[in-house]
Amino acid sequence: MDDHERQRLLAVLASTPARLKQALAGLPRALVLWTPAPGKWSIQEIVSHLRDMEREAYLARYRRMLDEPEPVLADVDGDRRALERGYREEKLALVLRDWNRLRRECLRLLKKVRGAQWERVGVHETAGRLRMDDLLRRHAFGNDEAHLGQIEAIKTRFAILERLSRGPEDLRALTRALSDKAIR
């Protein structure tokens, strides 16, 4: 990966806090906690997952890869963490505050990485050998872009279902003044 591509990926990481803030602006609690389907996460759970991945996956892995020769990088079971840590009960504002702090720390670390340091390697339990570059790409696209996309998809689905749920009442209102003959 060349420096231009790295800078583009770092820009994605740097832009995510503002994009996440915008994505969450004005959302009602019901939507934040709404689960779009069985086995899928709510927006609350996604944001809590982002915080934990920032701390325990990305920041921890970058540090280890910079400090140790080919460290083994443990896989992170997001579903298990969500259940064990009670993501749905957390206060979203506190989760966001913690995630923002961790993101700033991660960006400070990554901005100091130079030259051959980007080629440092860690061995992920399931993904195999990853260079710093590879982890950066996963961080920007596999994490940030993917989860922002999930949040937008949840908001869209929620809005569609809200409109559909109003259908019977809207139909009653539109037909209230009509005669039985006209309705038939």
Side-chain angles (χ1 to χ4, degrees), residues 1-24 32 39-152 154:
M1 176 183 304
D2 64 25
D3 191 53
H4 176 72
E5 175 69 7
R6 274 187 217 102
Q7 293 309 312
R8 189 173 74 80
L9 295 173
L10 288 168
V12 169
L13 296 184
S15 71
T16 300
R19 293 171 61 209
L20 182 59
K21 182 179 180 179
Q22 181 180 4
L24 300 176
V32 170
K40 298 293 183 183
W41 284 353
S42 66
I43 291 172
Q44 170 72 45
E45 291 164 310
I46 292 168
V47 175
S48 294
H49 171 75
L50 281 167
R51 178 213 44 217
D52 286 355
M53 289 299 289
E54 195 73 16
R55 177 181 47 236
E56 298 164 26
Y58 295 104
L59 187 55
R61 289 173 183 164
Y62 291 132
R63 284 179 175 153
R64 291 194 59 215
M65 290 168 77
L66 289 167
D67 292 343
E68 303 171 30
E70 294 198 26
V72 173
L73 308 171
D75 190 36
V76 175
D77 185 339
D79 289 325
R80 181 177 178 179
R81 277 186 169 70
L83 291 171
E84 289 176 351
R85 296 178 181 181
Y87 282 177
R88 292 183 64 79
E89 289 76 41
E90 293 185 310
K91 295 204 180 298
L92 185 59
L94 297 178
V95 173
L96 280 168
R97 183 199 67 201
D98 290 346
W99 177 80
N100 274 295
R101 178 186 53 77
L102 290 162
R103 175 53 56 97
R104 285 189 304 273
E105 191 174 338
C106 199
L107 285 169
R108 276 192 302 272
L109 175 71
L110 290 171
K111 286 177 182 176
K112 293 177 185 175
V113 176
R114 298 284 182 257
Q117 288 179 308
W118 286 110
E119 296 174 19
R120 304 250 339 166
V121 172
V123 182
H124 189 276
E125 287 179 333
T126 58
R129 291 174 58 84
L130 295 173
R131 292 177 0 156
M132 288 282 291
D133 280 341
D134 299 323
L135 192 57
L136 177 62
R137 184 177 292 110
R138 289 171 66 117
H139 196 178
F141 292 118
N143 188 68
D144 287 21
E145 294 294 330
H147 290 309
L148 285 169
Q150 280 181 294
I151 290 169
E152 290 306 319
I154 289 170

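Residue numbers count from 1 along this sequence. From a predicted model like this one, the values you see are computed outputs, not experimental measurements.
Side-chain contact check for H4 and Q7: no donor-acceptor pair (N or O, by modelled atom type) lies under 3.5 Å.
For residues 107-121, no pair satisfies side chain to side chain donor-acceptor pair (under 3.5 Å), with sequence neighbours left out.
Nearest heavy atom pair, residue G142 against residue A146, reads O-CB, 3.4 Å. Here the closest heavy-atom approach between residue N100 and residue P17 is recorded as OD1-CB, 3.3 Å.
Put simply, CD1 on I154 and CD on E45 are 9.0 Å apart, with the number rounded to the nearest 0.5 Å. Within the model, atoms CG of L92 and CD1 of I43 stand 9.0 Å from one another, a figure rounded to the nearest 0.5 Å. Separation of atoms CD (Q44) and NZ (K91) is listed at 10.0 Å; rounding is to 0.5 Å. Separating the CD atom in E90 from the CZ atom in R85 is a distance of 9.0 Å, to the nearest 0.5 Å. Atoms CG and CG, on L107 and L102 in that order, are 11.0 Å from each other to the nearest 0.5 Å. Note that OG of S15 and CG of L13 are 8.0 Å apart. Values are rounded to the nearest 0.5 Å.
Under the rule for a side-chain contact (heavy atoms from CB on, under 4.5 Å), the partners of E125 that lie at least two apart in sequence or sit in another chain are V72, A74, D75. Partners of W41 by ring-ring contact (aromatic ring centres under 6.0 Å, His included), not counting sequence neighbours, listed by chain and number: H49. Residues forming a ring-ring contact (aromatic ring centres under 6.0 Å, His included) with Y87 (at least two apart in sequence, or on another chain): none. With sequence neighbours excluded, the residues that form a side-chain contact (heavy atoms from CB on, under 4.5 Å) with L9 are M1, E5, L136, R137, A140, F141. Applying the ring-ring contact (aromatic ring centres under 6.0 Å, His included) test to H124 and every residue at least two apart in sequence or in another chain returns nothing.
Side-chain contact between R103 and D144 is present, with heavy atoms from C-beta onward closer than 4.5 Å. Using a 4.5 Å heavy-atom threshold, the side chains of R138 and N143 count as separate. At least one side-chain heavy atom of R19 sits less than 4.5 Å from a side-chain heavy atom of E145. Contact of the R129 side chain with the E70 side chain is registered, since non-hydrogen atoms from C-beta on lie closer than 4.5 Å. Between T16 and E54, the closest side-chain pair of non-hydrogen atoms is not below 4.5 Å. Side-chain contact between V32 and V47 is absent, with no heavy atoms from C-beta onward closer than 4.5 Å.
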Using the rule given for side chain to side chain contact (heavy atoms under 4.5 Å, CB included), can you reason through V76 versus D52, listing the C-alpha separation, both sets of side-chain angles and the distance that settles it, and then say yes or no?
CA-CA 9 Å; V76 175; D52 286 355; over 6 Å; no
Please evaluate residues R6 and V113 with respect to the criterion side chain to side chain contact (heavy atoms under 4.5 Å, CB included), reporting the C-alpha separation (whole Å), side-chain torsions for both, the decisive distance (0.1 Å), and the verdict.
CA-CA 11 Å; R6 274 187 217 102; V113 176; over 6 Å; no
Set out, in order, the CA-CA distance, both residues' side-chain angles and the distance that settles side chain to side chain contact (heavy atoms under 4.5 Å, CB included) for L110 and M132, then state yes or no.
CA-CA 10 Å; L110 290 171; M132 288 282 291; 4.3 Å; yes
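A salt bridge does not link E105 with R55: none of the charged nitrogens is closer than 4.0 Å to a carboxylate oxygen.
Heavy atoms from other residues, nucleotides or ligands lying under 6.0 Å from CD of Q22 number 12 at most.
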